[in-house]
> 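Have a look at this one.
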2 protein chains.
Amino acid sequence: MLKLYYHPMSFPSMGPLFTAEAAGRDYEKVMVDLQSGANKQPDYLAINPYGRVPAMVDGDYKLAESGAIMRYLARGRDLYPNDAKSQGQIDQWFDFAVHHVRSNVARVQYNRVIAPIIGAPVDENSIQLGLKYISDNLPHVENRLAESPFLCGDAMTLADLSLIAALEPENTARLDLSPYPNLTKWLKARRSETFYTNIHSHFGAELGM
Amino acid sequence: MLKLYYHPMSFPSMGPLFTAEAAGRDYEKVMVDLQSGANKQPDYLAINPYGRVPAMVDGDYKLAESGAIMRYLARGRDLYPNDAKSQGQIDQWFDFAVHHVRSNVARVQYNRVIAPIIGAPVDENSIQLGLKYISDNLPHVENRLAESPFLCGDAMTLADLSLIAALEPENTARLDLSPYPNLTKWLKARRSETFYTNIHSHFGAELGM
């Protein structure tokens, strides 16, 4: 069976899990214990030589990188149909979410949450830059969701899943999404769907909480 | 005719130009004068509402984001064949180049080249982090190119073009690629091909040099 390797605190891990659920794929979740360094052990490096999560194994086919796994799982389905112009629009919003939202959310999340946990220095300047770039970019998403129920038309695509994954640290990173009512409404609706609740219902137990 | 909007100092602009050349597409290059703020004027915002380069117009179809444009130009060709497993491997190395090479090269390039030009503060810590992450990640590329002439097999794909674009600031950012002989050899060979020389032969004149 197709296996997806992940860690609940790795938000690039979330995209492949959401995609597997939304695409109705049969799969097995395998948590990689990053805290104990399981990702640097030979058996995991045989799956992903970079030693990162997420990773995927489908029979003898191995894949790393969140976006590559998401496209592999969704290709040819409604989430990512085989049509160059549809794929182009989905790719555009997918990459917008990764480069202009996720990368900046990651700065804030790292410095507000991860750095204090691991005892690394907190870079206040990086937090402020991240928040500035987020507020430069989310208005484009807000405008888009004011005119369209999903990022690319009337149904959910890989682009929406990419943005949902990018906003996973909303609470822990203390992001303020209140200036974006359409985005907030869209996010709340998506988080009530089974592709999302199926993944999140297990996280407390997986983190030993 | 298909139009590609770019600026020679924007290295995310390079991927679409290389792809258009390598895919043998008929296209017109349109330089967007970022220094004068042409990217924030209404006629350009009608093409790309984010006000960034690169962007593409193909008839009445508009596209933004470097990776989305590259995939659109290459899809179904040898650079990015219509086969899920081939696309997966290409996507993996494409994303590796973007997330683990380009993003770190960008840190170094920004602080060593752009910040001094625009009079912004130089973040020495960001330079050191960028160099560290580059040297953490390029060994994976070096290992790959020791066993395979291209990142994904025996012929050039979108993955190679992504990595070539990511390494465009090699000289200006003063990157030391000497620890990576296979990468250096591969890069030199690719830079002698017409997809590359066709783009670079005009840059001096375009920059008014």
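Because the structure is a prediction, the values reported are computed rather than measured. Just so you know, these numbers use all the heavy atoms, side chains as well, and skip hydrogens, waters and symmetry mates. Every chain is numbered from 1 and lettered A, B, ... according to where its sequence line falls, protein lines coming before strand lines.
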> Measuring from A:Asn125:CG to B:Asn125:CG, what's the distance to the nearest 0.5 Å?
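So the gap between those two atoms works out to 10.0 Å.
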> Does atom CG of B:Asp78 have more than 12 heavy-atom neighbours from other groups under 6.0 Å away?
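Open: at most 12 neighbouring heavy atoms sit under 6.0 Å from CG of B:Asp78.
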> Would one find more than 12 heavy atoms of other residues, nucleotides or ligands at under 6.0 Å from atom OH of A:Tyr133?
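At most 12 heavy atoms, drawn from other residues, nucleotides or ligands, come within 6.0 Å of this atom.
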> Are B:Ile69 and A:Gln92 packed together at the side-chain level, in the sense that at least one heavy-atom pair is separated by less than 4.5 angstrom?
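No, too far: nothing below the 4.5 Å cut-off.
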> Decide if atom CG of A:Asp83 counts as having more than 12 heavy atoms of other residues, nucleotides or ligands within a radius under 6.0 Å.
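Check passes, neighbour count above 12.
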> Where does B:Arg144 contact chain A at under 4.5 Å (heavy atoms): side chain, backbone, both or neither?
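The answer is neither part of B:Arg144.
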> A:Trp93, A:Tyr50, A:Tyr72: which one forms the most heavy-atom pairs within less than 4.5 Å of chain B?
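Highest number of heavy-atom pairs under 4.5 Å: A:Tyr50.
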> What heavy-atom pair brings A:Lys85 and B:Tyr61 nearest, and what distance separates the two atoms?
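Looking at all heavy atoms of both residues, the shortest contact is O-OH, 2.6 Å.
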> Taking CG in A:Asp43 as the centre, count heavy atoms belonging to other residues, nucleotides or ligands within less than 6.0 Å. Is the count above 12?
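Count over threshold, so yes.
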> Please classify the contact between A:Asn137 and chain B as side chain, backbone, both or neither, with a heavy-atom cut-off of under 4.5 Å.
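Only the side chain of A:Asn137 comes within 4.5 Å of chain B.
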> Taking the side chain as C-beta and beyond, is there a heavy-atom pair between A:Asp91 and B:Arg75 under 4.5 Å?
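Counting from C-beta outward, A:Asp91 and B:Arg75 do come under 4.5 Å.
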> Rounded to the nearest 0.5 Å, what separates atom CZ in A:Arg71 from atom CG in B:Asp95?
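These two atoms lie 6.0 Å from each other.
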> Against chain B, work out which of A:His100, A:Met56, A:His99 has the most heavy-atom pairs shorter than 4.5 Å and name it.
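Of A:His100, A:Met56, A:His99, A:His100 has the most heavy-atom pairs under 4.5 Å with chain B.
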> If every non-hydrogen atom of A:Gly88 is compared with every non-hydrogen atom of B:Ala68, which pair is closest and at what distance?
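Shortest heavy-atom contact: O-CB, 3.9 Å.
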